[in-house]
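Let me begin by presenting the structure, written as structure tokens, before commenting on it.
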Amino acid sequence: MTIARAPGKVILFGEHAVVYGRPAIAVPVSGVEATAIVEDASPGQGITVIALDLGRCFRVDEAPSDDPLRLIVELTLRRLGIESPPALTIALRSTIPIARGLGSGAAISTAIVKALSQHLGVTLPPSEISALVYEVEKIYHGTPSGIDNTVIAFESPVFFIKGRPIQTFTMGQPFSLVIGDTGISSPTRDVVLDVRKAWERNRAYYETLFDRIGKVAEEGRKAIEEGDLMRVGRLMDENHSLLVEMGVSCAELDELVEAARKAGALGAKLSGAGRGGNMVALVEPETASAVEKALKEAGASAVLITQVRGK
Ligand code: PMV
């Protein structure tokens with residue numbers, strides 16, 4: 001039996017603009033995770049996926065050819081040079097909420113690649129895991145930047161620019177985040193598509209907006225490296241305003257962001273695609289529980305506190 005895990009993730013700076021080549025910063029969230037357990041099955045049975053949280057149990061070769069779970073299994077086998085699938089079961093579990101900007105799809109795929117390859121005797125490096133998961137992200141997201149698969153496969157804070165080698169960076173000091181869920185499911189694909197349509201209608205305006213967000217992400221990296229958390233917080237606030245301007249926030253996200261700031265957060269913003277999903281607040285350890293309480297009172301359906309450390 002082989003078990004592998006993958007964390008969730010949260011984007012601190014640069015969502016959406018990252019799809020258009022600007023930098024973004026994402027960090028792993030270890031308080032939630034996806035788990036894949038691979039076990040040998042009776043010969044001749046092929047590969048069965050048991051996705052407990054989705055209430056799905058199916059043979060991989062009988063699933064639709066574009067099924068994301070089928071695809072990641074097949075991509076992994078192909079990478080390992082295995083032509084006839086061995087008899088296995090792959091049991092999946094995840095505590096990462098789906099379609100909330102926490103990287104649930106990428107984490108499930110990552111856990112599958114890791115568990116399956118290790119079970120078959122190969123340990124793949126994070127860069128290869130990330131590349132395989134990226135193929136599946138295209139099904140979930142349409143035109144993904146690749147930030148989710150990168151931060152989750154590397155399990156490290158990343159400064160990410162689409163199509164460029166991953167950059168990890170040192171942190172001046174660890175910090176705490178409080179992540180609040182609006183409870184609203186918001187498929188990334190839809191919001192990314194809406195932004196694309198808006199960009200096509202008014203390229204000059206959106207390019208300027210993306211540039212401004214890219215600058216915030218660059219300054220955010222510097223502030224994180226210097227351990228200047230006050231500045232990181234202010235930049236998160238600025239990033240949120242730019243996302244509001246972009247039209248990807250919603251009343252519920254704005255309310256949670258406001259509640260976190262009032263309760264003493266150093267800064268707060270929506271995280272991920274927006275229009276629902278999660279927001280993230282930077283806090284000093286001693287204010288974390290006050291911010292958690294304020295978010296719950298403001299209607300958050302779930303709140304998570306996580307520490308971020310360098311690799
Ligand atoms: O998966 P989410 O909801 O965290 O969104 C990913 C961030 C986007 O920039 C909106 C899309 C992308 O592919 O980078």
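All ligand and atom numbering here is 1-based and tracks the order in the structure. Remember, it's a predicted structure, so these values are computed and weren't measured experimentally.
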For this session: Please determine if E15 has a nitrogen or oxygen closer than 3.5 Å to a nitrogen or oxygen of ligand 1.
Result: no
For ligand 1, find out whether one of its N or O atoms is nearer than 3.5 Å to an N or O atom of A273. yes
Heavy-atom side-chain contact between [X] and [Y] under 4.5 Å:
| X | Y | result |
| --- | --- | --- |
| I50 | I90 | no |
| V308 | P157 | yes |
| E252 | I184 | yes |

Counting heavy atoms under 4.0 Å, the part of L102 that contacts ligand 1 is neither
Under 4.0 Å between heavy atoms, the region of V191 that gets near ligand 1 turns out to be neither
If you have a sec, work out which protein heavy atom is nearest [atom] and how many Å separate them, to one decimal?
| atom | answer |
| --- | --- |
| atom 1 (O) of ligand 1 | D148 OD2, 3.1 Å |
| atom 7 (C) of ligand 1 | I11 CD1, 3.5 Å |
| atom 8 (C) of ligand 1 | H16 N, 3.9 Å |

* Asked: Can you tell me if E137 has a non-hydrogen atom under 4.0 Å from ligand 1?
  -> no
_salt bridge (charged side-chain N to carboxylate O under 4.0 Å, His left out) for E155 and K114? Distances and angles first, verdict last._
CA-CA 13 Å; E155 289 187 49; K114 286 199 322 203; 3.0 Å; yes
Under 4.0 Å from a heavy atom of [X]: give me the atoms of ligand 1 that qualify, with their elements.
| X | result |
| --- | --- |
| V18 | 9 (O), 14 (O) |
| G272 | 2 (P), 3 (O), 4 (O), 5 (O) |
| V19 | 9 (O), 11 (C), 12 (C), 13 (O), 14 (O) |
| I147 | 14 (O) |
| T188 | 1 (O), 2 (P), 3 (O), 5 (O) |
| K9 | 1 (O), 2 (P), 4 (O) |
| S145 | 12 (C), 13 (O), 14 (O) |

Is the distance between the ring centroids of F159 and F169 less than 6.0 Å?
no
Under 4.0 Å between a side-chain nitrogen and a carboxylate oxygen: does that hold for R234 and D228? no
Carboxylate-amine/guanidinium contact E74 R78, below 4.0 Å = no
Say whether, by atom type as modelled, one donor and one acceptor occur between the side chain of S109 and the main chain of V133 under 3.5 angstrom.
no
For the pair F210 and Y20, name the ring-plane relationship: parallel under 30°, tilted 30 to 60°, perpendicular over 60°.
parallel
**Message:** Tell me if the CZ atom of R164 is crowded by more than 12 foreign heavy atoms within 6.0 Å.
**Reply:** no
